[in-house]
Q: 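Please read through the structure below; I'll follow up with questions.
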2 protein chains.
Amino acid sequence: MSAVRLSADLSPSQQKADWLDTILKGDCVAALNKLPEKSVDVIFADPPYNLQLNGDLHRPDQSKVDAVDDHWDQFDSFAAYDAFTRAWLLAARRVLKPNGTIWVIGSYHNIFRVGASMQDLGYWILNDIVWRKTNPMPNFRGRRFQNAHETMIWASRDANSKSYTFNYDSLKAANDDVQMRSDWLFPICTGSERLKDDNGDKLHPTQKPEALLARIMLASTKPGDVVLDPFFGSGTTGAVAKRLGRHFVGIEREQEYIDAARARIDAVKPLESTTLTVLSGKRAEPRVAFVSLIDSGMIKPGATLYDAKKRWAATVRADGTLAIGEQAGSIHRIGAAVQGLDACNGWTFWHYERNGGLTQIDELRRIARLGMERAGA
Amino acid sequence: MSAVRLSADLSPSQQKADWLDTILKGDCVAALNKLPEKSVDVIFADPPYNLQLNGDLHRPDQSKVDAVDDHWDQFDSFAAYDAFTRAWLLAARRVLKPNGTIWVIGSYHNIFRVGASMQDLGYWILNDIVWRKTNPMPNFRGRRFQNAHETMIWASRDANSKSYTFNYDSLKAANDDVQMRSDWLFPICTGSERLKDDNGDKLHPTQKPEALLARIMLASTKPGDVVLDPFFGSGTTGAVAKRLGRHFVGIEREQEYIDAARARIDAVKPLESTTLTVLSGKRAEPRVAFVSLIDSGMIKPGATLYDAKKRWAATVRADGTLAIGEQAGSIHRIGAAVQGLDACNGWTFWHYERNGGLTQIDELRRIARLGMERAGA
DNA sequence: ATTCGCTATGAATCTTAGG
DNA sequence: TCCTAAGATTCATAGCGAA
């Protein structure tokens, strides 16, 4: 790849880096080291699993199981695999933005070593996610449980990175209004989605389903973000990124995979931007100062506020504080104090009298926000 | 404990070792080192998870979460935790029979380190098993996925131990005649099963459900086998072993837990025969996330949904939310909003166009459930 | 006896803007 | 970088008391 860098005075929207939406050919660590530091929002990595297979496996009908015995999955020892793992995790960490996150998928053959290395290098695990397969391969010998899942580790760059992207509200709304759990159910990649080579055989032994990558990106990226995949393979990450209006960068060694992935991604039609809007919750709403309700005349100084059951009454003061007897403070502090709690959301706790009933002052905040939007605040 | 050993010429059925069906008090490694080598069939270990908590956590209702902040879960560093882990895994391996197996349970905080150490010490992983919780604690701050599972590693003593116990056929028969998968569904331990202290509070912070231990023993032991638990705690392993006609050995440091476990186990009545309740782990009506219809391609992002009379039309967004103009949210929230109601069942309210007519999206949910049932949801 | 509503709680690495 | 204050945030289940 070339050594072109983003100019410091140009935002990505003004000048697109030449490595965006491309597949870099070569060794994963070498390619990573050529990318600018802190330049990608999310990394999805599907590294070699270090499967340790001896001999062939046959199904009960004597057909042979097409094992993952590619040369790139051969390591001499756990130590060799660990060294490989640490090298790419370290190179990836340099490229990740401070508030970026990384996803790594693996099986019991490798995921424990990968997870320990991630912790050792300073990544901070946010969740481990279980991909439950609806249609896993059976255990043919009947000597173990059916291996029906794979594990993903989702981690931030550092323990103190708090501002990573997590589209909580959108995930919850899409999940019947309950928060998304750490166990996900998806079919393995089969049928027309599975890329085939010239012989009609599967092109890549471990092609991941697009639905899995879509869930990952919808959870942890925003439209326009950059998703890096250092083990690009058949290009699922790129295809899903393009469809969902995200940028991708792929790294891959094998020309056969690069060609197939390129063609695959070129055929993807991006979704319309309007369908890509991410549902945002209250956190994204602009802040409203309680005093601004007084400024705008929605609440008069001297007005009385009550809790929902009218157990307490407090007086609004001209400076935007609330008072009960000697005690005065913010709507939150006074709400907490009367309940004997450490914290309280005054917006939902306090009410005002209207039409003989009580209405939350949060209703006034909502109205104030509409005014702010009109004013382009 | 005493230094009594099994005579070499007597089988366990002829002379019962004095440490069988007892709880050894003391440090885990020291106690393990006093047991005879190659003397137990299965080890179940629930070691400290090394949670790293900062400050208190409160529920949205301001109640405080009772965190696991016990002294036995405090380690200075990953290195200290690794040293602890290697020490007990090594001592446990000496005690394990050549064809014995070990189960270790953990969360993302520790399981990757534990798994890597197990591989380093020569244990051979047979499966990783996911315990999916029906009723996990929510994520209260909405900053991560709900942590809804724990991970267990099942391993043999060596890579070449082939004669370990695995009751394949009975598991399959108990599971509707399909192989038992690597993801299991159980509730957490609550209600009358949960041991309480004199104040009525939970006796032990991490008591495991008996159903989980029963599945483990039914899978990997035979009646009369010896099950060792080096972190005995409230004694679930002992209680289930006695009930299922297995022997146990527990190791525990805290006298309070020993006393409670002893009383608990004494109260257990062994089953006459091992015709046990089948824990199929299937639930009545698995929940379907609306977004899973998008994942599976049944609904496309950008598609339009209508109410039965086509009075309203809404657009499906890629993140699984529904949008009408500026308003967006779950199928339920948007259904409620357009009708001016507080609540709405989006599954029955919204329809899609098919064959020129309208069909409820609930029809798609029914189809999705068929796939989930196959996966044992 | 049954239902309904309210409360309690579980292995938790659980915020963020602004001064 | 540190400190303060605003204010956002929960699902399933068991138990209990009232109706």
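Numbers restart at 1 for each chain; the letters A, B, ... are given by sequence-line order, proteins then strands.
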Q: Determine: side-chain N/O of B/Lys202 to OP1/OP2 of C/dG10, distance under 4.0 Å, yes or no.
A: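 Yes, within the criterion.
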Q: Using the C1' atom on both, measure C/dA11 against D/dG15 and round to a whole Å.
A: 23 Å
Q: Which residue is it: A/Asp169, A/Asp176, A/Asp177, A/Asn175? I am looking for the one with a side-chain hydrogen bond (donor to acceptor under 3.5 Å, both in side chains) to B/Ser330.
A: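 The side-chain hydrogen bond (donor to acceptor under 3.5 Å, both in side chains) with B/Ser330 is passed solely by A/Asp177 among A/Asp169, A/Asp176, A/Asp177, A/Asn175.
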Q: OP1 or OP2 of D/dA8 sitting under 4.0 Å from any side-chain N/O of A/Arg287?
A: no
Q: Mind checking whether A/Phe290 and A/Trp350 have ring centres under 6.0 Å apart?
A: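 Between A/Phe290 and A/Trp350, the centre distance exceeds or equals 6.0 Å.
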Q: Between A/Arg333 and D/dG7, does any side-chain N or O lie under 4.0 Å from OP1 or OP2?
A: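 A/Arg333 to D/dG7 OP1/OP2: no side-chain N or O under 4.0 Å.
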Q: Is there a side-chain polar atom (N or O) of B/Asn147 under 4.0 Å from OP1 or OP2 of C/dT13?
A: yes
Q: On a whole-Å scale, what distance lies between the C1' atoms belonging to C/dT13 and D/dG7?
A: 23 Å
Q: Any base atoms under 4.0 Å from A/Thr348, or only sugar-phosphate, or nothing? Heavy atoms, all strands.
A: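 The answer is nothing, as A/Thr348 stays clear of every strand by at least 4.0 Å.
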Q: Does D/dT13 have its OP1 or OP2 closer than 4.0 Å to a side-chain nitrogen or oxygen of B/Asn135?
A: no
Q: Starting at atom CZ of B/Arg194, determine the distance to atom P of C/dA8, rounded to an integer number of angstrom.
A: 18 Å
Q: Can you check whether A/His332 has a side-chain N or O nearer than 4.0 Å to OP1 or OP2 of D/dG7?
A: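 Indeed, a polar side-chain atom of A/His332 lies that close.
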Q: For B/Pro136 and A/Val288, find the nucleotide of DNA chain D closest to each by heavy atoms; which residue's nucleotide sits nearer the 5' end?
A: A/Val288
Q: Please classify the nucleic acid contact of B/Thr190 as base, sugar-phosphate, or nothing, using heavy-atom distances under 4.0 Å.
A: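 It contacts sugar-phosphate atoms only.
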Q: Need the glycosidic conformation of C/dT13: syn if within 90° of 0, anti if not. Which one?
A: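 Glycosidic conformation of C/dT13: syn.
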Q: Could you give the CE-to-P distance, from B/Met137 to C/dA12, as a whole number of Å?
A: 4 Å
Q: Would you tell me if any nitrogen or oxygen in the side chain of A/Ser330 comes within less than 4.0 Å of OP1 or OP2 on D/dA6?
A: yes
Q: Using the rule for Phe, Tyr, His and the six-membered ring of Trp, do B/Tyr108 and C/dT13 stack at under 5.5 Å and under 30°?
A: no
Q: Students often get this wrong, so: under 4.0 angstrom with heavy atoms, is B/Asp66 touching a base, only sugar-phosphate, or nothing?
A: sugar-phosphate
Q: What do you reckon, are the aromatic ring centroids of A/Tyr164 and A/Trp124 less than 6.0 Å apart?
A: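 Ring centres of A/Trp124 and A/Tyr164 not closer than 6.0 Å.
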Q: Can you tell me if B/Lys208 touches the phosphate of C/dA11, counting only side-chain N or O atoms and a distance under 4.0 Å to OP1 or OP2?
A: no
